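For reference, the structure is listed below as structure tokens.
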Amino acid sequence: MTVLTTRVDTRSDEFAANRDAMLAKLDELAAEHAKAVAGGGEKYVERHRKRGKLLARERIELLVDEDSPFLELSPLAAWGTDFAVGASIVTGIGVVEGVECMIIASDPTVKGGTSNPYTLRKSFRAADIAAQNNLPTINLVESGGADLPTQKDIFIPGGRIFRDLTRASAERRPTVALVFGNSTAGGAYLPGMSDYVVMVKERAKVFLGGPPLVKMATGEEADDESLGGADMHARQSGLADYLAVDEQDAIRLGRRIIARLNWRKQGPAPKPDYAEPLADPEDLLGIVPTDLKVPFDPREVIARVVDGSEFDEFKPLYGTSLVTGWADVHGYPVGILANAQGVLFSEESQKAAQFIQLANQTDTPLIFLHNTTGYMVGSKYEQGGIIKHGAQMINAVSNSKVPHISILMGASYGAGHYGMCGRAYDPRFLFAWPSAKSAVMGAQQLAGVLSLVARAAAESRGTPYDEDQDAAMRAMVEQQIEAESMPMFLSGLLYDDGIIDPRDTRTVLGMCLSVIHNAPVKGADGFGVFRM
Ligand code: COA
């Protein structure tokens with residue numbers, strides 16, 4: 001057993017500067033999160049309350065067990081777009097009657113809770129997380145259906161939501177719909193495809209076509225209640241299994257449904273006792289340098305995240321730019337891969353490939369701590385086989401079957417993002433710190449590459465190269481790439497599951513590991529061909 005000792009000087013100027021920069025970024029983040037919480041804004045929130053209704057987050061708060069945390073996902077979805085921050089839906093994992101459930105709540109204060117292209121992406125991500133981690137799903141429904149002006153981007157792919165619900169049921173992952181208000185047209189299939197349906201009396205309205213559409217289609221004059229009222233569905237159509245007298249009653253009924261699921265987690269239980277880290281997680285604010293080109297020792301992060309700061313490092317003397325080793329987080333065994341010097345060389349790649357195979361042999365989940373500028377380039381490294389060694393690492397990551405969790409601490413560039421289990425490699429969860437940056441390469445390098453290509457093209461044409469124009473182009477491209485590499489931008493596009501305070505890393509990892517263990521945890525029986 002090895003206990004990590006810290007070398008961080010918390011009284012240094014550098015530490016103070018890093019900490020100040022991180023706190024400033026956390027302030028910016030809090031302001032953006034507040035926008036998501038504000039939903040459609042004061043006017044619509046007030047109107048909603050006057051109607052005697054609870055807000056989406058209040059419904060969730062009442063639904064989950066008292067004082068239990070809610071792991072909200074993708075709160076900044078649609079950030080930087082024309083749509084409201086949060087994408088008119090709240091998703092996350094909460095504990096209901098002791099069962100970890102995926103909770104999806106439409107926010108009726110934002111455009112009537114309608115779904116735009118980002119709402120869809122966020123719903124898909126929630127459905128994927130529920131499927132991969134074997135979670136029951138509870139939909140809190142009150143939505144006007146499709147955001148009609150953007151229907152072309154949502155109508156056809158949007159069918160997946162209903163497909164996912166019924167596939168969940170086929171896989172014995174229960175689905176519950178609590179209907180608080182409108183659930184029309186396609187939205188009617190949310191309760192339609194769910195295992196259990198609760199509707200709130202005189203509030204829930206579930207129909208394929210509302211009164212105007214019915215009048216247009218068939219000429220029939222019908223009212224809301226007879227077309228899709230909760231009472232009618234509970235007594236006549238049978239679509240509602242339970243009739244709730246009000247919202248609180250619907251939530252109570254939802255909790256009773258979950259209590260009766262006889263739910264059993266399929267993964268192994270954590271160790272009953274574990275120690276908190278010896279090093280102070282508060283220090284995580286001052287560890288990441290403001291300039292990501294300056295490396296930092298990821299063992300300082302590991303010491304503040306794992307149980308008892310205990311870390312058994314694997315191959316510590318080989319491929320030292322990548323740290324690998326074994327630890328526990330909240331009693332769950334994990335393997336950790338963490339970038340140290342930024343660049344991945346052949347040795348690091350092969351070490352990673354071996355380590356990932358070892359984790360699969362022992363059914364041990366993996367945590368990837370990103371701070372990489374990518375695989376090393378240059379003739380010496382190409383001749384040494386960096387492509388095939390990087391490919392070995394990417395093969396191991398792609399075919400590994402143990403659960404992966406990625407945390408973007410700093411840089412996550414180029415194929416290094418792939419090798420470290422970036423978004424496309426299906427980590428069960430991927431969170432970013434406010435200090436993270438991710439792109440095909442650094443902004444300066446990318447602008448420089450474009451400039452060299454343009455210069456060579458001018459030379460081959462025999463035309464003079466305009467240096468002023470080149471400088472302007474480089475500045476513009478640098479600015480654009482820098483903006484597109486920032487975590488809020490990437491979070492807006494749903495390329496992560498959220499941006500977290502570094503101090504919360506241990507808690508978030510613990511919650512994710514607990515969620516992951518709803519499904520069996522088993523390593524791969526085989527990998528693709530490792531090119532030697
Ligand atoms: N697409 C785009 N915007 C929509 C919308 C939709 N389907 N439904 C509502 N909105 C907008 C409204 O235009 C309004 O915008 P504004 O405040 O900027 O003027 C805002 O959302 C709130 O709508 P409002 O009708 O004032 O809210 P409400 O709470 O009284 O009613 C609904 C909400 C959803 C019941 C009602 O708007 C409705 O029936 N919408 C149409 C539903 C429908 O037919 N959907 C098609 C599904 S395929």
Side-chain angles (χ1 to χ4, degrees), residues 35-36 38-59 77-78 81-90 104-124 139-165 177-194 199-218 220-233 239 246-247 250:
K35 288 183 192 165
E42 220 171 292
K43 173 179 150 198
Y44 291 96
V45 168
E46 204 173 304
R47 186 177 72 164
H48 190 70
R49 284 199 193 287
K50 277 209 180 110
R51 291 169 171 173
K53 294 184 163 196
L54 294 167
L55 298 173
R57 281 186 174 72
E58 292 168 343
R59 289 171 181 162
T81 72
D82 293 339
F83 301 101
V85 175
S88 69
I89 195 170
V90 184
I104 303 175
S106 37
D107 183 346
T109 68
V110 186
K111 291 270 168 206
T114 51
S115 294
N116 61 54
Y118 292 88
T119 323
L120 211 60
R121 285 198 200 188
K122 191 163 164 175
S123 311
F124 290 168
N139 266 295
L140 309 186
V141 186
E142 180 165 16
S143 160
D147 172 65
L148 291 172
T150 56
Q151 67 83 30
K152 75 171 179 5
D153 295 318
I154 50 175
F155 164 56
I156 290 175
R160 210 194 107 172
I161 291 182
F162 316 118
R163 180 204 76 182
D164 284 347
L165 277 175
L178 308 182
V179 189
F180 295 96
N182 234 262
S183 179
T184 46
Y189 290 103
L190 279 177
M193 305 312 297
S194 294
M199 292 192 194
V200 179
K201 198 174 160 70
E202 289 159 15
R203 294 289 170 86
K205 289 184 179 33
V206 184
F207 32 61
L208 291 182
L213 192 144
V214 170
K215 173 94 173 119
M216 287 291 292
T218 68
E220 182 194 342
E221 302 263 2
D223 59 62
D224 275 359
E225 275 300 313
S226 52
L227 276 175
D231 214 78
M232 181 283 284
H233 281 307
L239 180 62
D246 56 20
E247 296 204 11

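This one's a predicted model, so the numbers in the text were calculated from it and none came from an experiment. Count residues from 1 along the sequence. We count ligands from 1, going down the list as the structure has it; atoms in each ligand are counted the same way.
At the top of the distance list for atom 3 (N) of ligand 1, counting protein heavy atoms only, stands Asp147 OD1, 3.9 Å. Counting only heavy atoms of the protein, atom 45 (N) of ligand 1 lies nearest to Gly144 O, 2.7 Å.
For Asp82, the CG atom is loosely surrounded, since the number of other residues' heavy atoms within 6.0 Å does not exceed 12.
Assignment of Ala146 to the shell around ligand 1 is supported, since a heavy atom sits closer than 4.0 Å. In this structure, Pro149 is part of the shell of residues with a heavy atom less than 4.0 angstrom from ligand 1. The shortest separation from a heavy atom of Phe155 to ligand 1 is not under 4.0 Å, leaving the residue out of contact.
Within a 4.0 Å radius of atom 30 (O) of ligand 1, the protein contributes one or more non-hydrogen atoms. Distance check on atom 26 (O) of ligand 1: some protein heavy atom falls below the 4.0 Å cut-off. Protein heavy atoms all stay at least 4.0 Å away from atom 14 (C) of ligand 1. Protein non-hydrogen atoms do reach within 4.0 Å of atom 6 (C) of ligand 1. Of the protein's heavy atoms, none falls inside 4.0 Å of atom 36 (C) of ligand 1.
Contact annotation: for Arg47 versus ligand 1, heavy atoms closer than 4.0 Å belong to the side chain alone.
Side-chain contact between Met193 and Ile161: absent, with no pair of heavy atoms (C-beta onward) separated by less than 4.5 Å.
Looking at Thr150 and Asp153, their side chains never bring a donor and an acceptor atom within 3.5 Å of each other.
Below 4.0 Å from some heavy atom of Arg51 lie the following atoms of ligand 1, by number and element: 28 (P), 29 (O), 30 (O).
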